[in-house]
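What you see is a predicted model; the values in this text were computed from it and never measured.
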Protein chains: 2
Amino acid sequence: MLTFERQDMILSLLKQQKVAKLSELTEATGASESTIRRDLSELERQNKLKRIHGGASLPSRKSEEPGMTEKKASFTAEKQLIGRHAASHVEDGDSIFVDAGTSTEAMISHIQAKNVIIVTNGLNIIEASLRFGFRTYVLGGYVKSGTHALIGKSAVEAMRQYRFDKAFIGTNGVDASFGYSTPDPEEAYIKQIAVQEAQEAYVLADSSKLNRTSFSRFAGLQDAALITEAGSDSEEYLQQLSELTSIEAVKI
Amino acid sequence: MLTFERQDMILSLLKQQKVAKLSELTEATGASESTIRRDLSELERQNKLKRIHGGASLPSRKSEEPGMTEKKASFTAEKQLIGRHAASHVEDGDSIFVDAGTSTEAMISHIQAKNVIIVTNGLNIIEASLRFGFRTYVLGGYVKSGTHALIGKSAVEAMRQYRFDKAFIGTNGVDASFGYSTPDPEEAYIKQIAVQEAQEAYVLADSSKLNRTSFSRFAGLQDAALITEAGSDSEEYLQQLSELTSIEAVKI
DNA sequence: CTTTTTTGAAAGAAAATGATTGTTTTTGAT
DNA sequence: ATCAAAAACAATCATTTTCTTTCAAAAAAG
């Protein structure tokens, strides 16, 4: 990976999380500690970030506006791992749908493929996608406060205009019988269309989402592959799910 | 393959993906490493790109950015004044179109009216609009890098779905005979529709935009009211314009 | 056919990386 | 508060990768 790319990745991660541990950065970039330390030194020299013991934080800018990427406290190493795995499915020239959410946002920086077209309904995804230079298309519609996802009639209609090689979807619940679900029916509808329309559909779920149900079901387990983490406590549950759908469990 | 063809290929590849590894370039062009290196050196000399260890990236706009920010800073007070005046036109229950851009962004925070619905094609506007709690709708479409405006077929179609009481438009040029204009035809098209569809249309222009023309005309002076600043040096020009359209000049 | 330009390959120089060293900072138990 | 263990750090070195320089062959131009 090029120095430039890696440093960009560090900055983007920081913009999302405000602070990042060294281990998170090595994890996310695949580089060694030494390399990350050197990057941090260089970036600090450029005032792009501030080094702190154990990692780095954003520089204390006085007039920095609270961007649309706030409230991202739970951006864990787990999401990064899941994101990186999801990104490995993206191939040169793919057009992909990337759902709103933090899990899906984490995958953007890991996409290595070239000439990728990204379509999204998430404002946070737009920002990440642009930063990494992807051709970016946005669904129209109503901006739902909270998740900052685009929903409604316009969004649905916009979905029909595009053809997706792959769709990457976030979820709030994964359940053996109920399938994938999320609280808001309007958001669920967008996800449902994405799963239906895409050639391949992947649902990203950190371990907190397993064995849970939410109000609105948007797909059955068999409709989309599940990308999640292979934690020791969830081993048994994943085993059970694997009889119902394709599971891609990322090991820490 | 001819030298300029190969260099064109390098530049177009870079334009797509921001950074390119040497191996990608040799693969794409079929030329040897040495040849690509020579091309990169030459293109860097022309400021067409920036060489980085392992490949090349688009030239860092650091050189032009100081100018941009400097310019932006110097017009901030003026933009705020113009924005505040524009915001005074917004009434309770209005549905308004707010164009992408910094001038229009400045008006959001000054809107006092209640139950206002904001429709926009600018990513920066979304952020501001959400922050101040307005019901926010977004046009879909392609995200143009640079202005971060949504353009293209989807954006145009989305415009047709809404009815606007008022439209607030940014511009790059105000000219007595050519009217209002902006560099990008696609952006101009959106502005044009906004002016046509809205019950009332306002164009916001700081004083640097007066007596200038840009490539794409989107409206005649008589089609939209002009909100600008009444500077001492522009007094005469504004007097001249006031015979052609409605001028609302804000005094500092 | 000769001269100039472009190209690709090779060798040494420079840069980046990862591992290892010893030092500094933090942590937490007394 | 003090000390020892643990964690994080900077400095250094060997290895790998990339870069520049150089040169000769191939292609293009005169």
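Comparing D/dA8, D/dT12, C/dT7 by their nearest atom to the side chain of A/Arg38 picks out D/dT12. Listed nucleotides D/dC19, D/dA10, C/dG18 differ in distance to A/Ala31; the shortest reach to its side chain belongs to C/dG18. Distance from the side chain of B/Ser32 is smallest to C/dA9 among D/dC9, C/dA16, C/dA9. Across C/dT17, D/dT20, C/dT7, the shortest atom-to-atom separation from the side chain of A/Arg6 is found for C/dT17.
Side-chain N/O atoms of B/Ser34 include none lying less than 4.0 angstrom from OP1 or OP2 on C/dA9.
Between A/Arg160 and A/Glu197, at least one side-chain N (NZ, or NE/NH1/NH2) sits under 4.0 Å from a carboxylate O, which counts as a salt bridge. A salt bridge is absent between B/Arg38 and B/Glu42; no separation between the charged side-chain nitrogens and carboxylate oxygens falls under 4.0 Å. Remark: A/Glu91 engages A/Lys166 in a salt bridge, criterion side-chain N to carboxylate O under 4.0 Å. With salt bridges taken as basic N to acidic carboxylate O contacts below 4.0 Å, none links B/Lys144 and B/Glu186.
The interatomic distance linking B/Phe4 (CZ) with C/dT7 (C1') rounds to 18 Å, in whole Å. The CD atom of A/Glu5 sits 11 Å away from the P atom of C/dT17 (whole-angstrom rounding). Counting to the nearest Å, the C1' atom of C/dT17 and the CZ atom of A/Arg37 are 14 Å from each other. For B/Asp39 and C/dT5, the CG to C1' distance is 14 Å, given to the nearest whole Å. Rounded to whole Å, the distance from CD1 on A/Ile36 to P on C/dA16 is 15 Å. B/Leu22 places its CG atom 15 Å from the C1' atom of C/dA15, with the value rounded to the nearest Å. Regarding A/Arg51, its CZ atom lies at a distance of 13 Å from the C1' atom of C/dT25, rounded to whole Å. Atom-to-atom, CG of A/Leu2 to P of C/dT17 comes out at 9 Å; the value is rounded to the nearest Å.
Residue A/Thr3 is classed as a sugar-phosphate contact, given heavy-atom separations below 4.0 Å to backbone atoms only. B/Ile52 comes within contact range of the sugar-phosphate backbone alone, with a heavy-atom separation under 4.0 Å but no base atom that close.
Between the two ends of the helix from C/dC1-D/dG30 to C/dT30-D/dA1, each summarised by a five-pair axis, the helix axis turns through 40° (rounded to 10 degrees).
Using a 3.5 Å distance cut-off with no hydrogens or angles, the side chains of A/His85 and A/Glu248 do pair a donor with an acceptor. In summary, the side chains of A/Thr245 and A/Tyr180 do not present any donor paired with an acceptor at a separation below 3.5 Å, with no hydrogens or angles considered.
Nearest heavy-atom pair, A/Tyr237 versus A/Asn211, reported as atom, atom and distance to 0.1 Å: OH-CA, 3.2 Å.
Mapping A/His53 and B/Glu33 onto DNA chain C by nearest heavy atom places B/Glu33 at the nucleotide closer to the 5' end.
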